[in-house]
Each structure stands twice: as C-alpha cells, then as structure tokens.
Amino acid sequence: MSTIKLEIVSPDKVVYTEDIGMLIVRSTGGELGILPHHAPLVTGLVPHAMRVRIDQDRDEQLIAVAGGFMEVTPEKITVLATAAEMPIDIDINRAKEAMTRAKERIAKFHEGTPEAKEIDIRRAELAMGRAMARLRATKTEFAEP
C-alpha cells in the first residue's frame, strides 16, 4: 500500500509526523478524505478530531485540532494548526469544564438577558468546538450541545 507523509505543526511544536495511508479531516468546505497522490489542495480546517489511518489493517488514530490550514501535495500533507493535541496529552477534566462553560455562555446568550450583551457568542462557539474536538479525540462520552 502506498503512503503519504503527514506533518501536523502547531505554533509551539511539531505534533505529529508519520507516513500514513489516509487522513480524514473536516475542512471549512466539509469532510475530506486524503489518500496518497491526492491532487494539490489548500483549505481551512475547523475544530475537530482528525482521523489518521496508518494502513488499511489498523484502527484510526485521532488527533484534536483547534482549526488552522491544510496543504496537500501528491507526496505530503501539512497541517498548520492553531493548536493540535494527541489524545495522551489531553486533560479530559479540563476539556469537560471548557465544554460546560461554553454551553452555559451560549445558553445565556440565547436567553436574551441583559448580561447576554456581554457574551461574545462566536468566541463561546469556538471554545465549545475545541472542547468537543478534544473529547472526541480521547473517545470521551459527552452530551451534544
């Protein structure tokens, strides 16, 4: 089976580098599956848990990304993530607390109370997306918003 090089880089480190068989990502335009020899592509990424398949016989490996950009050439996939974490590096309790805070802020915003004017809804939605990506990457159960 042919492979393609995957490199995931965050502002502070190289998070992942490996030859893989397939990458499944959620771009700003929808979900994409990238195989070796893929056509050149540049796209934005939304917060999600990327699915990495080393080969056809192995399970998927999940990697949380908080958004960013992806460049694909026939030989290499480069992900420039605003933040990226391997499941082993994720603090599950912290992610659950972030999810709870984001849900509370979003609920208050939609209630329309006077304090809702102080809530930045876009920031709360992004925080929830990052928390959901982390929890999905660790295969932690959580209630959908």
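All figures in this text were calculated on a predicted structure; none of them were measured in a lab. Computed over heavy atoms, backbone and side chain alike; hydrogens, waters and symmetry mates excluded.
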Verdict with reasoning, Gln61 to Ile20, per side chain to side chain contact (heavy atoms under 4.5 Å, CB included): CA-CA 11 Å; Gln61 183 173 10; Ile20 65 166; over 6 Å; no
CA sep, side-chain torsions, deciding dist, call: Val42, Met70, side chain to side chain contact (heavy atoms under 4.5 Å, CB included): CA-CA 6 Å; Val42 174; Met70 177 178 70; over 6 Å; no
Steps toward side chain to side chain contact (heavy atoms under 4.5 Å, CB included) verdict (Met132, Met99): CA-CA 7 Å; Met132 287 171 55; Met99 173 79 97; 3.1 Å; yes
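For the salt bridge (Lys or Arg N to Asp or Glu O under 4.0 Å) condition, no pair includes a residue of residues 36-48, sequence neighbours left out. Among pairs with a residue in residues 10-26, none fulfils salt bridge (Lys or Arg N to Asp or Glu O under 4.0 Å), at least two apart in sequence or across chains. Identified under the side-chain hydrogen bond (donor to acceptor under 3.5 Å, both in side chains) test for residues 28-42, with sequence neighbours left out: none. Sorted by first then second residue, the side-chain hydrogen bond (donor to acceptor under 3.5 Å, both in side chains) pairs that include residues 82-93, not counting sequence neighbours, are Glu85-Arg134.
To the nearest 0.5 Å, atom NE2 of residue His48 and atom CD1 of residue Ile63 are 9.5 Å apart. Separating the OG atom in Ser2 from the CD atom in Glu75 is a distance of 11.5 Å, to the nearest 0.5 Å. Separating the OG1 atom in Thr17 from the CD1 atom in Ile8 is a distance of 9.0 Å, to the nearest 0.5 Å. To the nearest 0.5 angstrom, Ile90 atom CD1 is 5.5 Å from Thr138 atom OG1.
Closest non-hydrogen pair, Val15 versus Ser10, comes out as CG2-OG, 3.7 Å. Pro47 and Arg130 make their closest contact through CB-N, 4.0 Å (heavy atoms, listed as atom of the first residue, atom of the second, distance). For Ala49 against Ala133, the heavy-atom pair with the smallest separation is CB-O, 3.8 Å. Contact record, Pro87 with Ala137: CG-O, 3.3 Å, taken as the closest heavy-atom pair.
The other members of the hydrophobic cluster of Val14, by chain and number, are Val9, Leu80 (side-chain heavy atoms under 4.5 Å, ILVMFWY only). Grouping Ile, Leu, Val, Met, Phe, Trp and Tyr by side-chain contacts under 4.5 Å, direct or through others, puts Ile24 with Met22, Leu35.
Checked against side chain to side chain contact (heavy atoms under 4.5 Å, CB included), Glu125 has the following partners two or more places apart in sequence or in another chain: Ile106, Ile121, Arg122. Not counting sequence neighbours, the partners of Ala102 by the side chain to side chain contact (heavy atoms under 4.5 Å, CB included) test are Ala127, Met128. Remark: Glu60 pairs with Arg51, Arg53 by the side-chain hydrogen bond (donor to acceptor under 3.5 Å, both in side chains) rule, at least two apart or across chains. Residues satisfying the side chain to side chain contact (heavy atoms under 4.5 Å, CB included) criterion with Ala81, sequence neighbours excluded, are Val65, Val79, Ala84. Qualifying side chain to side chain contact (heavy atoms under 4.5 Å, CB included) partners for Lys76, counting only residues two or more places apart in sequence or in other chains: Lys5, Glu7, Thr73, Thr78.
Both Val25 and Met86 belong to a common hydrophobic cluster when Ile, Leu, Val, Met, Phe, Trp and Tyr are linked at side-chain heavy-atom distances under 4.5 angstrom. A chain of hydrophobic side-chain contacts below 4.5 Å, direct or via other Ile, Leu, Val, Met, Phe, Trp or Tyr residues, connects Leu23 to Ile54. In the hydrophobic clustering of ILVMFWY residues, with side-chain heavy atoms under 4.5 Å counting as a link, Phe69 and Val72 come out apart.
Side-chain contact between Val52 and Leu62 is absent, with no heavy atoms from C-beta onward closer than 4.5 Å. In this structure, the side chains of Leu41 and Leu32 come closer than 4.5 Å at one or more pairs of heavy atoms. Contact of the Ile77 side chain with the Glu71 side chain is not registered, since no non-hydrogen atoms from C-beta on lie closer than 4.5 Å. Looking at Tyr16 and Leu6, their side chains come closer than 4.5 Å, going by heavy atoms from C-beta outward.
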